[in-house]
Asks: 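To start, I am sharing the structure in question, which I have written as structure tokens.
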Amino acid sequence: MTDNMKKAAVLGWPITQSKSPLIHGYWLKSFGISGSYEALAVKPEDFSETVSGLAASGYRGCNVTIPHKEAALALADVVSDRATQIGAVNTLVFKDGKIYGDNTDGYGFINNLAQRAPDWRADVGTAMVLGAGGAARAIVHGLLAEGAPKVLIANRTLATAQKLAAFFGDKTQAIELGQIESHMQDVTTLVNTTSLGMVGQNALDIDLTSLPKTATVTDIVYNPLRTELLEQAQKLGLSNVDGLGMLLHQAVPGFDAWFGATPKVDDTLRRIILDAL
Ligand code: ATR
């Protein structure tokens, strides 16, 4: 490894499941950039010291994943507005002696829809987000930033949805999971951010029949790629987008900042990641 090799990494605990090295490795190879991107298993108590060590040894930055996203927010010298709003950082950039923190999850979500459903628009109607965890927070932020006039947040634990809605304000409303069908006819974007539908989990029990024909349905679950939710949407003739692209697109800003080239999310990359699931 030479000194001018551009280095980045992903830090998590555990980290074995991370697909980020495959994503960045594919882009490094496509561009012919002399660089590396490795997965580092870092315990919570070692997080801060590890980040300082990477910055001191010439790394360009890193991704951070569970359980470090809040610690990364606290550690960064400069935090982007969107990361502050989302309350978590997934991308750190080391530059000019400072640590910059960003959150690219909402960006990834929006850009996946823009690429896979080019006619989709956030500002034409109500969005309904199922779930109120970390992913939901990034997605609600992304939808509002794109001009969604209203975002309904439906969650098993209503209090968690209420907290999220209180944070984002007037355009958001918490609803009970049992109430979702009565709102369905106004919804033009429906997003599942819960783990329901994932391999080994129950399917999401939801009837999409009363969604408008113009609605787009998307899932952040990507294993399986075609969840029951997406299959139901497909049968109803609704636009539907799988969750793999969110994972791929969220990696774009980090690659750009560390390696100096803007990568594309293409079918070859999708195939590489699907084969590795
Ligand atoms: P993430 O960071 O992926 O969003 P999370 O913060 O753990 O993960 O959030 C998981 C979300 O999935 C929550 O909204 C959770 O609902 P609760 O707040 O009620 O826990 C939701 N979820 C997980 N398992 C669920 C289930 N079996 N039924 C309904 N919702 C579920």
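Read the numbers this way: they start at 1 and go in the same order the structure lists the ligands and their atoms.
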Asks: Considering the heavy atoms of G131, write down every atom of ligand 1 situated less than 4.0 Å from one of them.
Replies: 14 (O)
Asks: Would you kindly say whether D266 and Y26 are connected by a side-chain donor-acceptor distance under 3.5 Å?
Replies: yes
Asks: Identify, by atom number and element, the atoms of ligand 1 in contact range of S195, meaning under 4.0 Å from any of its heavy atoms.
Replies: 23 (C), 24 (N)
Asks: When you check the gap from the basic side-chain N to the acidic O, do D242 and R270 get nearer than 4.0 Å?
Replies: yes
Asks: Does I220 approach ligand 1 within less than 4.0 angstrom via side chain, backbone, both or neither, non-hydrogen atoms only?
Replies: neither
Asks: So which of M198, R156, Q201 gets nearest to atom 30 (N) of ligand 1, if we judge by its closest heavy atom?
Replies: R156
Asks: Any idea which protein heavy atom is nearest atom 3 (O) of ligand 1, and the distance to it?
Replies: A135 CB, 4.0 Å
Asks: Any heavy-atom pair between the side chains of W13 and P67 that's under 4.5 Å?
Replies: yes
Asks: Write out the residue and atom name of the closest protein heavy atom to atom 5 (P) of ligand 1, then the distance separating them to 0.1 Å.
Replies: G133 CA, 4.0 Å
Asks: With the threshold set at 4.0 Å, does a side-chain nitrogen-carboxylate oxygen contact exist between D275 and R271?
Replies: yes
Asks: Can you tell me if CG on N223 sees more than 12 non-hydrogen neighbours from other groups inside 6.0 Å?
Replies: yes
Asks: Is atom 10 (C) of ligand 1 touching the protein, meaning some protein heavy atom lies under 4.0 Å away?
Replies: no
Asks: Less than 4.0 angstrom from a charged side-chain N to a carboxylate O is my criterion; do R121 and D123 meet it?
Replies: yes
Asks: Protein non-hydrogen atoms only, distance under 4.0 Å: does atom 7 (O) of ligand 1 have such a neighbour?
Replies: no
Asks: Under 4.0 Å, heavy-atom basis, I'd like to know which part of N155 is in contact with ligand 1: side chain, backbone, both or neither.
Replies: side chain
Asks: Heavy atoms only: which of T157, D205, L196 lies closest to atom 17 (P) of ligand 1?
Replies: T157
Asks: So does Q115 have more than 12 non-hydrogen atoms from other groups sitting under 6.0 Å from CD?
Replies: yes
